[in-house]
There are 2 protein chains.
Amino acid sequence: MSNSELNKKEDSFKVVQQRFEEYLQKKGCRKTPERLEILKLVYAQKQLFCLDFLYLELEKKYRVSRATVYNTLSLLLECNLVKKHILGSDGKVQYEKAYKNNKHYIICTACGTAKEFRNEYLKKYLPSMTFRGFTSQHHSVYIYGVCGKCAKKQ
Amino acid sequence: MSNSELNKKEDSFKVVQQRFEEYLQKKGCRKTPERLEILKLVYAQKQLFCLDFLYLELEKKYRVSRATVYNTLSLLLECNLVKKHILGSDGKVQYEKAYKNNKHYIICTACGTAKEFRNEYLKKYLPSMTFRGFTSQHHSVYIYGVCGKCAKKQ
DNA sequence: TTTACTGCAAATATTTTGCAATATC
DNA sequence: GATATTGCAAAATATTTGCAGTAAA
């Protein structure tokens, strides 16, 4: 990654952190090291992840409980910094960062695989849509179907 | 609803029922009255619903267990006849029919409300997209943000 | 100094599984 | 007739809550 790209990423995280801290303040919640560490770890992920992945990663370095991870993910969900999904037919809950993360997925409902696809048009068109009174912040597009591998098996 | 609309709806359900029955056969599963009743009830819903809503509705007329509802919803998920979601910040699981039900939602992450919006362009564009080996069957679009009501409260 | 947050453990909620009876094929 | 599915209850998972100690404001 180039220097300018790294700077961009750091700036972006500053915005994220600020939004979280403002939300906490507005809600009368405290800024704790646990909450910040969880936010950092969430934003270090490029893929979908489950709650226990976060917990197990955090556990390696800090003393932290699952209850705190649940609590923090709920806060992040409320202030639009995290998305929570159920994709595929396995029915498992997955999370991903939300800020500037407008993803488009194709999902095989047979094997549960979620694969990202890029589409510049959607990326521009969807954020440009307006709705009375509604301030949009990010979006997700899911196209469900059956992948090549599973189609062969059937 | 006009006669022709009613016929259309019935025809559409025939296709759904046939797809389900074919899937059951392919998988070596049996066609049971419980499974058909659950499918019917799912397709009678115009909105998102939770599993327990189905169970409580079914219970009024039939002897059926939650385990069967879970089992059947999993089967319907696998054969792309049902979608499973987590929308909003309450983190609750919701379901909806999938066949010919390509919905677009705006979701307020503050109050958890999911509101459908119509967009003819997306409705046509998304199903027309092609991916190597992947057969797409239905889609969902979610635009997350904060609704007017919640923006005022903050 | 006040009180929200923490970890831990217990409580709840959600989902899955084991089993004997039943119904589909 | 063979066996997958059922309801029920018990087990396994996932999530939330109560509590006493700790730490942010």
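- We find the NE2-CD1 distance between A:His85 and B:Ile86 to be 9.5 Å, quoted to the nearest 0.5 Å.
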*Criterion side chain to side chain donor-acceptor pair (under 3.5 Å) on B:Tyr62 and B:Glu37, from CA distance to verdict*: CA-CA 9 Å; B:Tyr62 312 94; B:Glu37 281 309 321; 2.9 Å; yes
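- Between the P atom of C:dG7 and the CD atom of A:Glu37 lies a distance of 12 Å, rounded to the nearest Å.
- To the nearest angstrom, P of C:dT14 lies 11 Å from OH of B:Tyr95.
- Between B:Asn71 and the phosphate of C:dT16, there is no side-chain N or O to OP1/OP2 separation shorter than 4.0 Å.
- Where B:Ser74 and A:Ser65 meet DNA chain C, the nucleotide closest to each residue was compared, and A:Ser65 sits on the side nearer the 5' end.
- In this entry the distance linking CZ of A:Arg30 with P of C:dT6 reads 10 Å, nearest Å.
- Nearest to the side-chain atoms of B:Pro33 among the listed nucleotides C:dC5, D:dG7, C:dT24 stands C:dT24.
- Minimum atom distance to the side chain of A:Thr68 is reached by C:dG7, of the listed C:dG7, D:dT6, D:dT5.
- Under 3.5 Å, the side chain of B:Arg66 and the base of C:dT14 form no donor-acceptor pair of N or O atoms.
- Atom CD of A:Glu116 is surrounded by more than 12 heavy atoms from other residues, nucleotides or ligands within 6.0 Å.
- Counting any heavy atom pair closer than 4.0 Å across all strands shown, A:Asp52 reaches no nucleic acid atom.
- One can place CG of A:Leu24 at 12 Å from C1' of C:dA4, the figure rounded to the nearest angstrom.
- Atom CG of B:Leu54 is separated from atom C1' of C:dT15 by 15 Å (rounded to the nearest Å).
- Relative ring orientation between B:Phe53 and B:Phe49 is described as tilted, the plane-to-plane angle lying within the 30° to 60° band.
- The distance from atom OH of B:Tyr55 to atom C1' of C:dT15 is 14 Å, rounded to the nearest whole Å.
- Atoms NZ (B:Lys31) and C1' (D:dT3) sit 18 Å apart, rounded to a whole Å.
- Within the nucleic acid shown, A:Arg63 comes within 4.0 Å of sugar-phosphate atoms alone, with no base atom in reach, counting heavy atoms only.
- Between B:Glu96 and B:Lys46 there is no salt bridge, since no side-chain N of the basic residue sits under 4.0 Å from a carboxylate O of the acidic one.
- OP1 or OP2 of D:dT6 lies within a sub-4.0 Å distance of a side-chain N or O belonging to B:Thr32.
- B:Tyr70 places its OH atom 13 Å from the C1' atom of D:dA12, with the value rounded to the nearest Å.
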